[in-house]
Amino acid sequence: MTLCNCQVDGSIRKLLKSGRDLEDSLIAVIIRNLKTVKDSSKVIVLDADGTRSKGIARSLKKIGVKNTYLVEGGFQSWMKQGLRIKELKPETALSILNEV
């Protein structure tokens, strides 16, 4: 039984080399389709340890997001370098209203 008689064109086929590539490509497409991402946007990809962000950044470039960057080593590297982070406190309705 065939569920789909679909063909993937060459540009998409290049993105889909493995299961991880497929997942990275899907995440890249979701990021690209965010309302806030424009052609001139700078997109910084950051994961926990740098293992996933490279594939996602590469996929973003392949689908036309020109200003794509990643943090080498991910968030763990960021922390080891002593760069600033801010821990978010639990939100309440009042704290959310005060931000607006």
field: By side-chain contact (heavy atoms from CB on, under 4.5 Å) - contacts of K54 (at least two apart)
entry: R58, L70

message: Atom NZ of residue position K61 - does it have more than 12 heavy atoms of other residues, nucleotides or ligands inside 6.0 Å?
response: yes

To the nearest 0.5 Å, tell me how far [X] [atom1] sits from [Y] [atom2].
X	Y	atom1	atom2	value
S25	I56	OG	CD1	9.5 Å
I85	E87	CD1	CD	7.0 Å
I27	L22	CD1	CG	10.0 Å
L34	I30	CG	CD1	8.5 Å

With a cut-off of 3.5 Å and sequence neighbours excluded, list every side-chain donor-acceptor pair involving residues 40-52.
residue : atom : partner : partner atom : Å
S41     : OG   : K38     : N            : 2.7
S41     : OG   : K38     : O            : 3.2
D47     : OD1  : D49     : N            : 3.4
D47     : OD1  : G50     : N            : 2.5
D47     : OD2  : T51     : N            : 3.2
D47     : OD2  : R52     : N            : 2.6
D47     : OD2  : S53     : N            : 3.0
D49     : OD1  : T51     : N            : 3.1
D49     : OD1  : T51     : OG1          : 2.8
R52     : NE   : D24     : OD1          : 3.3
R52     : NH1  : E23     : OE2          : 3.4
R52     : NH2  : D24     : OD1          : 2.5

query: Considering residues at least two apart in sequence or located in another chain, which fulfil the side chain to side chain donor-acceptor pair (under 3.5 Å) criterion with N67?
result: none

Taking distance alone, no hydrogens or angles, what donor-acceptor pairs closer than 3.5 Å link side-chain atoms of residues 75-82 to residues at least two apart or in another chain?
residue : atom : partner : partner atom : Å
S77     : OG   : E72     : O            : 3.2
W78     : NE1  : R84     : O            : 2.9

- request: Work out which heavy atom in R32 is nearest to a heavy atom in V37; give both atom names and the distance.
  value: NH1-O, 3.4 Å

